[in-house]
There are 2 protein chains.
Amino acid sequence: MSIQPLIAHFESYIPLKESEKQLLDGRVTQRQIKRKQAILQEGFPCRHYTFIVEGCFRMYAIDKKGTEHNLQFSAEQDWIADIGSFHAGRPSALFIEAIEPAVVLQIEKQDLYFLYTNIPKLDRIFKVIVENKYVELQNRVLQSISSTAQERYLTFLDQYPKLALRLPNTQIASYLGITPEFLSKIRKDIAS
Amino acid sequence: MSIQPLIAHFESYIPLKESEKQLLDGRVTQRQIKRKQAILQEGFPCRHYTFIVEGCFRMYAIDKKGTEHNLQFSAEQDWIADIGSFHAGRPSALFIEAIEPAVVLQIEKQDLYFLYTNIPKLDRIFKVIVENKYVELQNRVLQSISSTAQERYLTFLDQYPKLALRLPNTQIASYLGITPEFLSKIRKDIAS
DNA sequence: AAATAAGCTTAAACTAGGTTAAGTCCGACG
DNA sequence: CGTCGGACTTAACCTAGTTTAAGCTTATTT
């Protein structure tokens, strides 16, 4: 059990002192997740910030009609959590599920708050992480109000080429906000 | 010229010491902005974090066809900036423009970085601010991939009732990712 | 190895939303 | 005081994306 990947991740932003690394140990839990296993389910509060060491997750919501909508994919060296639910302790409206078998490092709320207090630079690091994720999401919103489905698909391929190979098209369609059938048509059009 | 509204804003998260408030003074600039005046234009780096004391702004992009797309509205006690461009110093793809005459408090990059270093709790405060904005944006993405235009319009009215009264419908349509004509049709359907 | 489920594609009929164009109703400005 | 441009609407026609349903292929489970 090693929290090394997490330390490396933090240090890609700001180097940590030995004493700070030691604080991390014991506040971080490693877990193995099976394919299709959920680490968050609608109706339950999100209890962890999850850092992905290996594997791939999707975050999705289910609407009244029972259709799933993928909000986000996350893979190695990335975080996944329902931030709103996590901090407020409120029941989440979202699911988080492994698409591939995965290894993750998880931090519980009380531990994260302890770490924020005792390693002040973590405030800075997570500020930057969330800022970057904010910019990414903003670009996605811009695309969604200004581009056709085909343009959005091409952007997705361009932006996440590795992910696109690992994911079934059904999941990609759900992420783009279109039906699998229509994605199929788009792919046909592009090919010709 | 008072930075009091900004101090009050920060203190709604964490109280500041007198010495910290003094550091803010001199690093924050007040400006009056006229209706339709731009504080950021495509092609220029975003030089300021802008805190709105009074008035209302929109952030938008212009696509190849020349159509404007509103990404975001911000009003009193809210921030507006192209975060990506601000930190990277890269030319922005966005415009930020006053919808109403406005009073703002602006912080330049070097000053913000100085403040982050000398008032460590600002890292925490901005982390929380960006987290909240991230959650908001995530909800918007979810809506955009899962709801019809009518549902999105009703949610907008529900979520920003005051803003809805201050904004021309043209601007709201652009924010929702639909044409003004179609919004008009939606409004007619809702009324009946 | 068989059974079953999950994923991809095609196609026809349909609906949400866009386009074009014309007309009305202001508020801004000379 | 007139007129000019911006904001809102209506309506006819058009297109991007959905629905339903079927058939085919590739994984996963037993």
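Residue numbering restarts at 1 for every chain, and letters A, B, ... go by the order of the sequence lines.
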Distance check needed: D:dG17 P versus A:Y153 OH, whole Å only. 15 Å
With a 4.0 Å cutoff (strictly under), does any side-chain N or O of A:R187 reach OP1 or OP2 of C:dT9? yes
Taking atom P of D:dA16 as reference, at what distance in whole Å does atom CD1 of A:I186 sit? 11 Å
Can a side-chain donor-acceptor contact be found between A:R58 and A:Y175 if the only test is distance below 3.5 angstrom? no
Shared hydrophobic cluster for B:Y49 and B:L94 (ILVMFWY, side-chain gaps under 4.5 Å): yes
Just how far, in rounded Å, is P of C:dA16 from CZ of B:R152? 13 Å
Counting heavy atoms from C-beta on, name the nucleotide in C:dT10, D:dG17, D:dT10 closest to the side chain of A:K188. C:dT10
Quick one: A:K65 NZ to C:dT15 P, roughly how many Å, whole number? 12 Å
Would a single hydrophobic cluster contain both A:I178 and A:L71, if residues Ile, Leu, Val, Met, Phe, Trp and Tyr are joined by side-chain heavy-atom contacts under 4.5 Å? no
Find the distance A:I190:CD1 to C:dT9:P and express it as a whole number of Å. 11 Å
Here the distance between atom C1' of C:dG17 and atom CD of B:Q150, to the nearest Å, is 13 Å
Please report, rounded to the nearest Å, how far the P atom of C:dT10 is from the CG atom of A:D189. 10 Å
Hydrophobic cluster membership, A:I39 vs A:L6, 4.5 Å side-chain cutoff: yes
Would you say B:F57 ends up clustered with B:F156 if hydrophobic residues are merged whenever their side chains have heavy atoms under 4.5 Å apart, either directly or through other cluster members? no
Please list, chain by chain and in numerical order, all residues satisfying ring pair (Phe, Tyr, Trp, His ring centres under 6.0 Å) with A:F44, sequence neighbours excluded. none
Whole angstrom value for the distance that separates P of C:dA5 from CZ of A:R35: 15 Å
Go ahead and write out DNA chain D as dot-bracket, 5' to 3': ( ) for pairs within the strand, [ ] for ones crossing earlier pairs, | when the partner sits on another strand, dots for unpaired; Watson-Crick or G-U wobble, both distances under 3.5 Å. |||||||.||||||||||||||.|||||||
Any side-chain donor paired with an acceptor under 3.5 Å for A:D82 and A:S92? yes
Do any of residues 167-184 of chain A sit with a heavy atom less than 4.0 Å from DNA chain D, and if so which? A:G177, A:I178, A:T179, A:E181, A:F182
With no hydrogens and no angle check, do the side chains of A:Y13 and A:R124 hold a donor and an acceptor under 3.5 Å apart? no
Are A:E136 and A:K133 close enough for a salt bridge, meaning some N to O gap below 4.0 Å? no
Counting just side-chain N and O atoms, does A:K185 come under 4.0 Å of either OP1 or OP2 of C:dA11? no
